**Student:** 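Sharing a structure below in structure tokens format, with a few things to ask.
The basis for the numbers below is simple: all heavy atoms, side chains too, and nothing from hydrogens, waters or symmetry mates. Just so you know, these numbers come straight off a predicted model, no measurement behind them.
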Protein chains: 2
Amino acid sequence: MKKYNIPVEASLEVIGGKWKVVILCHLIKSKRRTSELKRLMPGITQKMLTQQLRELEADGVINRIIYNQVPPKVEYELTEYGWSLKEPLDMLCAWGEQHIEKTYPDKSEVLLEGEEV
Amino acid sequence: MKKYNIPVEASLEVIGGKWKVVILCHLIKSKRRTSELKRLMPGITQKMLTQQLRELEADGVINRIIYNQVPPKVEYELTEYGWSLKEPLDMLCAWGEQHIEKTYPDKSEVLLEGEEV
DNA sequence: CGGAATCCTTAAAGATACTG
DNA sequence: CAGTATCTTTAAGGATTCCG
């Protein structure tokens with residue numbers, strides 16, 4: 001018998017991992033292969049990436065697409081069910097953008113994706 | 001210089017803790033005192049509760065209201081800024097409800113807040 | 001009642017090496 | 001390129017005790 005003290009716990013079981021929200025946000029923008037995800041998340045290790053991807057797959061929110069070729073090629077994409085997370089995640093991303101602006105009104109104190117020094 | 005590879009990382013800094021989303025969802029519904037939060041989250045320890053509350057306070061999303069009386073009374077509520085998290089969190093809660101229904105179509109396999117055996 | 005402080009246990013995460 | 005397997009390290013979290 002599974003027990004939830006509050007329904008949002010069920011959401012956290014799926015997207016609560018340290019990197020899962022980030023991975024899903026990337027996959028909202030585009031289907032990605034493993035090496036691309038690694039490049040987009042410089043802080044993650046190979047091991048963690050694989051682990052989080054497996055769990056997301058097990059929860060039915062992403063698909064793993066294997067191309068039988070050498071060298072290997074694997075792509076990850078949201079499942080139809082995974083796309084139901086788009087709205088919550090988009091709102092969270094938007095909040096993050098606003099939070100950065102609020103926390104660092106001086107843009108010289110923060111570095112965003114793709115920016116260089 | 002703070003660095004974000006993707007803006008949603010800023011959101012996770014604030015709500016990424018293990019219990020933070022749950023705490024915030026409770027505070028969306030109502031201002032709560034410490035003992036109430038502990039009752040609402042049977043799995044959390046005193047230490048973790050205090051810790052997560054302190055961090056949320058430091059991030060400016062909740063207020064700590066101290067009543068100078070014996071025995072002590074402390075209440076927590078969302079700050080004005082904290083209320084800006086309502087929309088993302090509400091969507092996440094709604095997703096969790098749907099996810100529970102999808103995962104346990106047989107309602108006898110799941111126990112929700114307030115339900116008894 | 002709310003919380004600080006302590007000690008202690010593990011589970012998460014990092015590093016490294018190896019394989020198809 | 002993508003992934004597995006180990007081993008090590010670290011930090012998160014739990015249990016307990018004491019205090020205003």
**Student:** Going from CD on A:Glu36 to CG on A:Leu27, what distance comes out if it is rounded to the nearest 0.5 angstrom?
**Tutor:** 10.0 Å

**Student:** Rounding to a whole Å, what distance do you find between A:Ile65:CD1 and D:dC1:P?
**Tutor:** 19 Å

**Student:** Respond yes when some side-chain nitrogen or oxygen of B:Thr50 is under 4.0 Å from OP1 or OP2 of C:dA4, and no when none is.
**Tutor:** no

**Student:** Nearest whole angstrom, please: distance from the P of D:dG3 to the CD of A:Glu57.
**Tutor:** 9 Å

**Student:** Can you see whether A:Tyr104 has A:Lys102 sitting over its ring - NZ or CZ less than 6.0 Å from the centre and within 45° of the normal?
**Tutor:** no

**Student:** Answer yes or no: is there a side-chain heavy-atom contact under 4.5 Å between A:Tyr4 and B:Leu111?
**Tutor:** no

**Student:** Rounded to whole angstroms, how far apart are NZ on B:Lys38 and P on C:dG2?
**Tutor:** 7 Å

**Student:** Could you encode protein contacts along nucleotides 5-20 of chain D as a string, one character per nucleotide from 5' to 3', using B for base contact, S for sugar-phosphate-only contact and - for no contact, with a heavy-atom cut-off of under 4.0 Å?
**Tutor:** -B------BBB----B

**Student:** For A:Tyr76 and D:dA2, what is the distance between atoms OH and C1' respectively, to the nearest whole Å?
**Tutor:** 8 Å

**Student:** Just report the end-to-end axis angle for the helix from C:dC1-D:dG20 to C:dG20-D:dC1, five pairs per end, to 10 degrees.
**Tutor:** 50°

**Student:** Starting at atom CG of B:Leu49, determine the distance to atom P of C:dA5, rounded to an integer number of angstrom.
**Tutor:** 17 Å

**Student:** Could you tabulate the donor-acceptor pairs under 3.5 Å formed by side-chain atoms of residues 66-81 of chain A, not counting sequence neighbours?
**Tutor:**
residue	atom	partner	partner atom	Å
A:Tyr67	OH	A:Glu75	OE1	2.7
A:Tyr76	OH	A:Arg54	NH1	3.4
A:Tyr76	OH	A:Arg64	NE	3.3
A:Thr79	OG1	A:Gly60	O	2.6
A:Thr79	OG1	A:Val61	O	3.3
A:Thr79	OG1	A:Tyr81	N	3.4
A:Thr79	OG1	A:Gly82	N	2.9
A:Tyr81	OH	B:His99	ND1	2.5

**Student:** What is the distance from CG of B:Asn68 to P of C:dC1, rounded to the nearest Å?
**Tutor:** 18 Å

**Student:** Within the distance-only criterion (no hydrogens, no angle test), does the side chain of B:Ser11 pair as donor or acceptor with the backbone N or O of A:Leu92 below 3.5 angstrom?
**Tutor:** yes

**Student:** Does the side chain of B:Arg33 get closer than 4.0 angstrom to OP1 or OP2 of C:dG2 through an N or O atom?
**Tutor:** yes

**Student:** Do you know which two heavy atoms are closest between A:Glu87 and B:Met91, and how far apart they sit?
**Tutor:** CB-CE, 3.6 Å

**Student:** I'd like to know if the side chain of B:Glu9 reaches the main chain of B:Asn5, judged simply by a donor and an acceptor atom lying under 3.5 Å from each other, with no hydrogens or angles considered.
**Tutor:** yes

**Student:** When the distance from CD of B:Gln69 to P of C:dC1 is rounded to whole Å, what number comes out?
**Tutor:** 12 Å

**Student:** Which atom pair, heavy atoms only, marks the closest approach of A:Met41 to A:Val22?
**Tutor:** SD-CG1, 3.6 Å

**Student:** For C:dG3 and B:Arg54 - does any side-chain N or O of the residue sit under 4.0 Å from the phosphate oxygens OP1/OP2?
**Tutor:** yes

**Student:** Rounding to an integer number of Å, can you tell me how far B:Lys73 NZ sits from C:dG3 P?
**Tutor:** 13 Å

**Student:** Quick one: label A:Tyr67 by what it contacts on the DNA or RNA (base, sugar-phosphate, nothing), any heavy atom closer than 4.0 Å.
**Tutor:** nothing

**Student:** Main chain of A:Trp19, side chain of A:Gln52: is a donor-acceptor contact present, judged purely on distance under 3.5 Å?
**Tutor:** yes

